[in-house]
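For the numbers below, each heavy atom of this structure counts, side chains included, while hydrogens, waters and symmetry mates do not. Quick caveat: nothing in here was measured; it's all calculated off a predicted structure. Just so it is clear: chains get the letters A, B, ... in the order the sequence lines come, proteins before strands, and each one is counted from 1.
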2 protein chains.
Amino acid sequence: MARLVTIPESDIATITSDQTELARYAKALSHPVRVYILTTLSKQTCCYSGDLAEILPIARSTLSQHLSELKNAGLIQGEFLPPKIKYCINRENWERSKHLMMQFYGLTIE
Amino acid sequence: MARLVTIPESDIATITSDQTELARYAKALSHPVRVYILTTLSKQTCCYSGDLAEILPIARSTLSQHLSELKNAGLIQGEFLPPKIKYCINRENWERSKHLMMQFYGLTIE
DNA sequence: TGTCCGTTTCGTAATTTTACGAAATACGAA
DNA sequence: TTCGTATTTCGTAAAATTACGAAACGGACA
């Protein structure tokens with residue numbers, strides 16, 4: 001980018017790693033189905049992919065994609081209990097995302 | 001969808017309007033540049049598109065797109081003060097998104 | 001071994017997002 | 001009216017997202 005040459009570095013905005021991380025978590029929350037899944041999992045303990053598949057008006061393969069996005073974002077984790085897979089919130093990253101979000105909204109409370 | 005016919009409605013997950021609304025706000029936060037802009041605007045008072053353009057390593061047209069996404073999400077608003085446009089946080093919707101996010105994370109504090 | 005079950009991966013398609021430069025717009029000032 | 005400044009819209013392209021059904025997979029069990 002030409003700008004990186006013509007303008008001193010100190011004048012370039014530094015997008016912090018916290019901001020990039022927050023954006024990543026926000027992306028995970030950017031679909032109603034994923035918000036629903038996370039809300040469900042954060043309230044109760046865990047649940048099976050099949051439970052969600054029966055209840056949600058989307059194809060199983062589509063649900064699977066949403067679950068793997070949440071997994072990639074680190075917000076949930078799956079435990080293979082043949083023949084089912086039990087999904088739970090990843091508490092550590094859940095708290096991390098909460099912390100970043102609070103920080104973003106200027107809430108220092110924890 | 002066949003599922004809507006073969007399974008009684010009461011067994012179908014209801015994705016609430018709050019969840020859909022939260023997903024919409026989360027989508028607005030799902031890019032590092034937009035997180036940066038919102039953080040900047042929420043801390044200080046307001047700023048001009050040009051201020052951001054000089055500081056961010058992206059094309060002005062790209063910045064404009066991000067700004068209009070934030071506008072469409074209702075999180076910022078622009079005031080035309082020729083020849084510049086002053087952007088500020090939309091406090092009402094900012095608080096609304098904060099509220100939904102707190103609710104989502106199980107924080108009833110406000 | 002073969003079969004069933006729950007789930008994911010594959011193949012595909014439509015739509016949206018992100019990005020850029022060039023052109024258009026809106027307005028104040030010369 | 002013409003010029004200059006600040007910003008957005010247009011045209012375009014590449015990549016990512018969302019969605020589906022069909023096929024594949026891994027393990028339990030007959």
Sub-3.5 Å pairs of nitrogen or oxygen atoms, protein against nucleotides 24-27 of chain D:
none

Closest nucleotide among D/dT7, C/dT8, D/dC10 to the A/Tyr87 side chain: C/dT8

Spacing of A/Arg60 atom CZ relative to D/dA22 atom P, expressed in whole Å: 14 Å

Measure from CD1 on B/Ile37 to P on C/dT18 and round the result to the nearest Å. 12 Å

Charged N-O contact under 4.0 Å between B/Asp18 and B/Arg96: yes

From CG of A/Leu63 over to C1' of D/dC20, roughly how many Å is that when rounded to an integer? 13 Å

Of all the choices, D/dG21, C/dT7, D/dT7, which nucleotide is nearest to the side chain of A/Ser61 once you look at every atom? D/dG21

Counting side-chain heavy atoms from CB outward, which of D/dG21, C/dG21, D/dA6 is closest to B/Lys84? D/dA6

Ion pair present between A/Glu21 and A/Arg24, side-chain N to carboxylate O less than 4.0 angstrom? no

Would you classify A/Ser49 as touching base, sugar-phosphate or nothing, given that sugar-phosphate means primed atoms plus P, OP1 and OP2, and contacts are heavy atoms under 4.0 Å? sugar-phosphate

Could you give me the CA-CA distance, side-chain angles and deciding distance for B/Leu52 and B/Cys47, then say whether side chain to side chain contact (heavy atoms under 4.5 Å, CB included) is met? CA-CA 8 Å; B/Leu52 293 169; B/Cys47 75; 3.8 Å; yes

Quick one: OH on B/Tyr105 to CG on A/Leu38, what's the gap to the nearest 0.5 Å? 8.0 Å

Hey, what do you get for CG (A/Leu70) to CG (A/Leu29), rounding to the nearest 0.5 Å? 8.0 Å

Could A/Lys86 and A/Tyr48 be counted as a cation-pi pair, given that NZ or CZ must be under 6.0 Å from the ring centre and within 45° of the axis? no

Rounded to the Å, how far apart are B/Leu56 CG and C/dC20 P? 11 Å

With side chain to side chain donor-acceptor pair (under 3.5 Å) as the rule and sequence neighbours excluded, what pairs involving residues 64-82 of chain A come up? A/Arg34-A/His66, A/Arg34-A/Glu69

For B/Asn72 and C/dT16, what is the distance between atoms CG and C1' respectively, to the nearest whole Å? 14 Å

Rounded to the nearest Å, what distance is computed from the CG atom of residue B/Leu81 to the C1' atom of nucleotide D/dA6? 12 Å

Nucleotide-resolved protein contact map, nucleotides 11-19 of chain D, B/S/- at heavy-atom distance under 4.0 Å: ------SSB

Taking every heavy atom of B/Leu67 against every heavy atom of B/Ser49, the minimum-distance pair comes out as CD1-OG, 3.8 Å

Given atom CG of B/Leu67 and atom P of C/dT17, what is their separation to the nearest angstrom? 16 Å

A/Ile85 atom CD1 is separated from D/dA28 atom P, nearest whole Å, by 13 Å

Apply side chain to side chain contact (heavy atoms under 4.5 Å, CB included) to the pair B/Val33 and B/Tyr36, showing each step before the final yes or no. CA-CA 5 Å; B/Val33 164; B/Tyr36 176 87; 5.5 Å; no

